[in-house]
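All values reported here derive from a predicted model rather than from experimental measurement. Along the sequence shown, the residues carry numbers beginning at 1.
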Amino acid sequence: MTATDPSDHPTRHLDEAIRSDALDCVMCGICVPHCPTFALSDNEADGPRGRISLLLGISQGELAPDADITRHLDTCLTCRACEIVCPSGVAYGRLIDNGRARLAQESSHAAHPKPAARQWRLLRDQLLTRRRRLGAAWQLVRLMQRLGLGGLTRRLAGPVGRALPRQVAGPLSPQPRPSDTQPTRGRVGLFVGCTGAAMNANAVAAARTAIAAFGYEVVEPAGQGCCGAMHAHGGEPAEARRRREANAAVFQAAGVEAIVVVGTACAAELGPLTDSHEITVREITDWLLARDRTEWPDVARLDYRVAVHTPCSQRNHLRQPEATRQLLASIPGLELLEIDGNARCCGAAGMQVLLYPDQAEQLREPKLDSIEQLAPDVVVSANVGCATHLAAGANLTVRQPVELLAESIAAASR
């Protein structure tokens with residue numbers, strides 16, 4: 001079936017953007033073996049080359065989106081593993097985001113991306129992107145687990161329950177002794193994200209500890225909100241941009257010299273502010289690594305065997321694949337272990353773990369098998385979505401790298 005003439009379509013600007021990026025692809029296929037969803041289905045339409053062909057057909061008015069086409073595009077994890085190996089420099093991440101925005105404008109609801117469905121938008125906008133609400137819900141999950149009802153909670157919560165960790169970590173401890181020295185090196189804003197009072201609360205507490213120990217004042221503006229990543233990848237680029245710009249205004253009003261972000265996916269989403277609003281945005285691991293050695297506090301030895309997970313947002317979006325290892329290498333005593341298949345997405349991918357849980361769990365399984373073989377004392381991941389997804393599949397707690405640094409600093413201060 002042929003769609004309308006793209007020159008008359010109300011989404012003409014999206015069609016033009018899609019064509020511009022899609023035509024950069026020479027269809028060489030180098031990216032295909034790196035695509036995790038293609039590896040699962042062995043279907044060309046579930047790989048980057050096939051998805052680009054579908055988007056090009058839609059943008060040229062040669063293909064009318066339907067439920068089957070949308071599913072092929074929708075199940076893309078936006079991991080960008082294809083993008084970093086592409087010899088032609090195709091901006092695949094931008095292309096797939098524009099493609100989903102284009103699908104969201106279709107008159108047929110069957111062609112809309114799954115995140116655009118009313119129930120998923122409600123879940124996203126009324127819970128997942130509301131820090132206080134999500135924090136309250138997380139406390140309830142913790143309570144149920146302490147009462148021995150964690151399994152029941154997971155079953156009753158439906159698709160959300162499948163994504164809940166089997167063990168919920170308690171509050172971060174110990175904390176370093178208070179210092180009499182006042183921060184003198186600068187003033188940085190801490191972006192805590194939607195999960196900062198829930199599954200990422202310990203990482204946020206650790207980030208406060210570490211930043212202060214390096215001699216900086218930590219500012220957490222009350223008006224900060226969702227970074228917009230789930231909207232950007234769910235077909236709502238205008239809303240994602242609005243949220244990104246609202247955060248820029250809040251942090252600029254706070255007079256900070258940089259926004260330090262706890263979480264690689266949020267850092268990737270807020271990153272464009274560095275150019276558009278001239279405010280530096282750095283992921284916490286990267287910010288800590290950029291500190292001069294003269295700024296480093298004392299750190300104590302930690303005798304842990306640590307399995308290091310590298311999120312796609314850190315490897316492929318931020319292009320910082322070694323950041324976690326480099327930070328942890330500064331802590332004496334740690335033995336760093338490599339999880340097999342670290343370069344392949346774990347399947348979490350923001351809301352994808354909820355939208356397509358079977359796919360997410362298939363992609364997670366090899367990583368859990370590798371972790372079981374390694375038998376580490378600690379698993380770390382710089383992305384809260386990946387950490388939660390891994391912990392939902394096994395009885396383990398996954399920590400953010402800055403948590404180990406904060407623990408080491410605390411031990412040295414005693």
Side-chain angles (χ1 to χ4, degrees), residues 29 31-51 54 67-85 92-93 96 100 113-115 117 120 123 128 151 154-155 157-167 199 230 233-234 264-265 307-317 338-374 376 379 381 383-398:
C31 59
V32 175
H34 298 271
C35 177
T37 53
F38 173 80
L40 290 181
S41 71
D42 203 27
N43 185 334
E44 182 74 16
D46 291 330
R49 184 169 58 180
R51 289 179 173 125
L54 292 174
D68 287 338
I69 289 173
T70 295
R71 183 177 177 83
H72 289 305
L73 297 173
D74 225 17
T75 51
C76 172
L77 300 159
T78 324
C79 68
R80 295 193 188 179
C82 56
E83 190 170 300
I84 64 168
V85 299
Y92 181 84
I96 195 68
R100 286 172 178 156
K114 197 170 181 179
W120 294 112
L123 177 65
L128 299 181
R154 285 162 58 89
R155 288 192 295 274
V160 175
R162 288 177 70 172
L164 291 175
R166 299 185 186 187
Q167 297 179 5
M199 57 279 278
M230 285 187 277
H233 302 317
T264 53
V308 179
H309 172 261
T310 307
C312 299
S313 48
Q314 187 176 42
R315 177 186 299 275
N316 304 331
H317 295 219
E338 183 76 10
I339 297 173
D340 287 345
N342 233 343
R344 178 152 287 179
C345 183
C346 70
M351 284 192 71
Q352 294 293 100
V353 67
L354 301 176
L355 300 170
Y356 297 99
D358 290 341
Q359 173 180 276
E361 290 170 11
Q362 279 183 279
L363 291 167
R364 178 182 64 192
E365 200 58 36
K367 296 185 185 295
L368 293 181
D369 289 344
S370 177
I371 291 169
E372 184 178 11
Q373 291 296 317
L374 293 171
V379 181
S381 179
N383 180 267
V384 64
C386 301
T388 305
H389 182 45
L390 292 172
N395 289 316
L396 52 86
T397 300
V398 185

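- Here the SG atom belonging to Cys76 is positioned 11.0 Å from the OH atom belonging to Tyr356, to the nearest 0.5 angstrom.
- At least one side-chain heavy atom of Met230 sits under 4.5 Å from a side-chain heavy atom of Leu128.
- For the atom pair CZ (Arg80) and CD1 (Ile96), the distance works out to 11.0 Å, reported to the nearest 0.5 Å.
- Once rounded to the nearest 0.5 Å, the distance linking NE2 of His309 with CZ of Arg315 reads 8.5 Å.
- Of all heavy-atom pairs between Pro311 and Cys386, the closest is CB-SG, 3.9 Å.
- No side-chain heavy atom of Cys79 sits less than 4.5 Å from a side-chain heavy atom of Arg344.
- Judged by distance alone, the side chain of Arg364 and the main-chain N or O of Gly347 form no donor-acceptor pair under 3.5 Å.
- A 4.5 Å side-chain heavy-atom check between Gln352 and Thr78 finds every atom pair outside the cut-off.
- Remark: the Thr397 side chain and the Arg166 side chain contain no N/O donor-acceptor pair separated by less than 3.5 Å.
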Please evaluate residues Asn342 and Glu338 with respect to the criterion side chain to side chain donor-acceptor pair (under 3.5 Å), reporting the C-alpha separation (whole Å), side-chain torsions for both, the decisive distance (0.1 Å), and the verdict.
CA-CA 7 Å; Asn342 233 343; Glu338 183 76 10; 3.2 Å; yes
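- Without hydrogens or angle criteria, Arg100 side chain to Pro113 main chain gives no donor-acceptor distance under 3.5 Å.
- Nearest heavy-atom pair across Ala360 and Val353 is CB-CA, 3.9 Å.
- Two residues are said to be in side-chain contact when any heavy atoms from C-beta on lie closer than 4.5 Å; Val160 and Leu123 meet this criterion.
- Rounded to the nearest 0.5 Å, atoms OG1 (Thr37) and NE2 (His72) are 10.5 Å apart.
- Atom OG1 of Thr264 and atom NE2 of His317 lie 9.0 Å apart (nearest 0.5 Å).
- Glu372 CD: 12 or fewer foreign heavy atoms inside a 6.0 Å radius.
- When every heavy atom of Glu44 is checked against every heavy atom of Val32, the shortest pair comes out as OE2-CG2, 4.4 Å.
- The main-chain N or O of Arg71 is found under 3.5 Å from a side-chain atom of Thr75 such that the two form a donor-acceptor pair.
- Here the straight-line distance linking atom SG of Cys312 with atom CG of Asn383 works out to 9.0 Å at 0.5 Å rounding.
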Assess the residue pair Leu363 and Leu77 against the criterion (side-chain contact (heavy atoms from CB on, under 4.5 Å)); give the C-alpha distance rounded to whole Å, side-chain angles, the decisive distance to 0.1 Å, and a yes or no.
CA-CA 11 Å; Leu363 291 167; Leu77 300 159; 3.5 Å; yes
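- Using a distance-only test at 3.5 Å, with no hydrogens or angles considered, a donor-acceptor pair links the side chain of His389 to the main chain of Cys346.
- Residues Asp358 and Arg162 are paired through a salt bridge, judged by an N-O separation under 4.0 Å between the basic side chain and the carboxylate.
- Contact of the Leu355 side chain with the Asp74 side chain is not registered, since no non-hydrogen atoms from C-beta on lie closer than 4.5 Å.
- Looking only at side-chain heavy atoms (C-beta outward), Pro36 and Leu40 stay at 4.5 Å or farther from each other.
- The two atoms that bring Lys367 and Gly341 nearest to each other are NZ-O, 2.6 Å, heavy atoms only.
- The backbone N or O of Gly161 sits nowhere less than 3.5 Å from a side-chain atom of Arg155 that would complete a donor-acceptor pair.
- Taking the side chain as every heavy atom from C-beta outward, Thr388 and Leu164 never approach each other to under 4.5 Å.
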Derivation of the side-chain contact (heavy atoms from CB on, under 4.5 Å) call for Arg51 and Tyr92
CA-CA 10 Å; Arg51 289 179 173 125; Tyr92 181 84; 3.3 Å; yes
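- Side chains of Cys35 and Cys82 form no contact here, defined as non-hydrogen atoms less than 4.5 Å apart.
- Contact between Pro376 and Val379 at its shortest, heavy atoms only, is CG-CG2, 3.9 Å.
- Residues Lys114 and Trp120 come closest through the heavy atom pair O-CD1, 3.5 Å.
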